[in-house]
Amino acid sequence: MKPMAQYFTAAIAMMIAISTAHAGSPQPCEVVYGLVRDAYGFPYAADVEIALHHGAVECDRHRVTGIMPGGSNFRLQLEMDSGGTPYAPYAVQLGDAITVSVTAGGTVQPLVSGGSLSAGPSGATLRLDLVTGRDADGDGLSDAWEEQLIAQSGGRLTTIEEVLPDADFDNDGLTNLEEFHAGTFAFLATDLLQVDQLTAVAGNRLKLSFLTSSQISYRLVATENLQAPSWHPLAFAVDTTGPLQYQEMVGDGSYQTLYIDQDESTRFIRIATQQP
Amino acid sequence: MKYHSDSLRVKRSVVVLTALLLLAVGRSSSAQPWTNAAGHAVEAEVVSLKGDLVDFERPDGSTFQLRLGSLAPDDRETIRRAWSGLEVPRGLRTDFRQFRRLLQRLTQLHSMERLTDAQLAAQRQRAVKAFKLCCSSEQLDEEATARLLLVSGALY
């Protein structure tokens, strides 16, 4: 080998070595998923996109098509990098600041909360529930939702500051914030998440029915006592003879009937819906 | 066997919003708010009017009775006009309550433009059909069924 060629070979080898020392490598990605709702608390079902950004770089984007397992309607991935020079422009490293955008009707929407997160660790799963809209009084309820309650309050409420998340405007036992998350109307006392019927039926089962909200995911949990409750999933069937399974059901705005084992009648049972 | 059906409650925990089946009492519940002559609101649904006695039912299924004359004049007249000689059979009360709740939800969603006219009509029609089946299985005659549909608001 000629001296000049030897020089170049050595230089290239050194560059590769340096590059290898500072380049990041792919790591297990972080999964970010959750439920994005509009300002009135209704989960988006279509025509909405959620994206994660690292600076000006878009890391991932999801187009909402409906409710998915876990009561979510979006799922995104952050490609994680081990450190040094990222192996790809969209790869991020532990602790990087990530911003979240929600685009509806071609317009990026303001978010009540959840507009940013810190990347990592790799392999992690992060639930991130989002609500579009403005929240001028910073109480976690969108202005639009609060104004709707004011409009229905018959003059009892006049400003959004008077609409408190922990208050129960319609006196139905659910706070305003709980109604927001349940997709029920906080100004209608008859509109709430509630077991309307619980009866014993054939097949050693109990039948319970309740009014669902569209696109809201429900599951059953139970505990032995309420002094030191330990809630755990409860299997249910959707008919009298079907298998009892640990599952979720997605509401469609109508009454739904679920069946549980009659032996569960000695326990406390909840209908649960995911919320932030 | 122990049941907790009379005390269903909805509570929030850290990650879940829940309906609890508890043995608690004094649950606040309401439906149509009626007002008595003293101006106090009574939150319950009418299920029958027999003579001067109005039977009300709370959403948890408990019932109570008031004299028609103890209600405010407007409510008295409304109930007299709609409910005279009418009663929701005991076996139909849960279905009737659920039917009214569903109609209220649909009406509200429509007023918020979450449901189109066509969607409202279709869903209301489906609900009416289901309720009529319940009435039929309770052997309710056509006139009583029609009157229940009227007082439920299904025909508005």
Query raised in the report: Is there any residue in residues 108-116 of chain B with a non-hydrogen atom under 4.5 Å from a non-hydrogen atom of chain A, and which ones are they?
Result: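 Result: Gln108(B), Leu109(B), Met112(B), Arg114(B).
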Query raised in the report: Relative to chain B, which segment of Ser213(A) carries a heavy atom at a distance below 4.5 Å: side chain, backbone, both, or neither?
Result: both
Query raised in the report: For Asp38(A), is it the side chain, the backbone, both, or neither that has a heavy atom closer than 4.5 Å to a heavy atom of chain B?
Result: side chain
Query - chain B contacts, top residue of Phe210(A), Tyr218(A), Phe187(A) (heavy-atom pairs, under 4.5 Å) - result: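 When all of Phe210(A), Tyr218(A), Phe187(A) are compared, Phe187(A) has the most.
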Could you check whether atom [atom1] of [X] has more than 12 heavy atoms from other residues, nucleotides or ligands sitting under 6.0 Å from it?
X	atom1	value
Glu143(B)	CD	no
Asp141(B)	CG	yes
Glu77(B)	CD	yes
Phe64(B)	CZ	yes
Asp52(B)	CG	yes
Tyr40(A)	OH	no

Query raised in the report: Considering residues at least two apart in sequence or located in another chain, which fulfil the salt bridge (Lys or Arg N to Asp or Glu O under 4.0 Å) criterion with Asp191(A)?
Result: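 Arg105(B).
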Report task. With sequence neighbours excluded, tell me which residues meet salt bridge (Lys or Arg N to Asp or Glu O under 4.0 Å) with Arg93(B). Result ->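 For Arg93(B) the salt bridge (Lys or Arg N to Asp or Glu O under 4.0 Å) partners, ignoring immediate neighbours, are Glu87(B).
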**Report entry** Gap between atom CG of Leu211(A) and atom CZ of Arg97(B) - 0.5 Å precision
**Finding:**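 So the CZ of Arg97(B) and the CG of Leu211(A) are separated by 12.0 Å.
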Query - Inter-residue atom distance Gln104(B).CD - Thr190(A).OG1, 0.5 Å rounding - result: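 Between Gln104(B) CD and Thr190(A) OG1, I get 3.5 Å after rounding to 0.5 Å.
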Query raised in the report: Is there any side-chain hydrogen bond (donor to acceptor under 3.5 Å, both in side chains) pair reaching into residues 130-148 of chain A, and which pairs are they, with sequence neighbours excluded?
Result: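 For residues 130-148 of chain A, and leaving out neighbouring residues, the side-chain hydrogen bond (donor to acceptor under 3.5 Å, both in side chains) pairs sorted by first residue read Tyr44(A)-Thr132(A).
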Query raised in the report: Do you know which two heavy atoms are closest between Tyr255(A) and Gln98(B), and how far apart they sit?
Result: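 Closest approach of Tyr255(A) to Gln98(B): CE1-O, 3.1 Å.
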Report summary line: Heavy-atom nearest pair, Thr94(B) first then Asp196(A), reads CG2-O, 4.1 Å
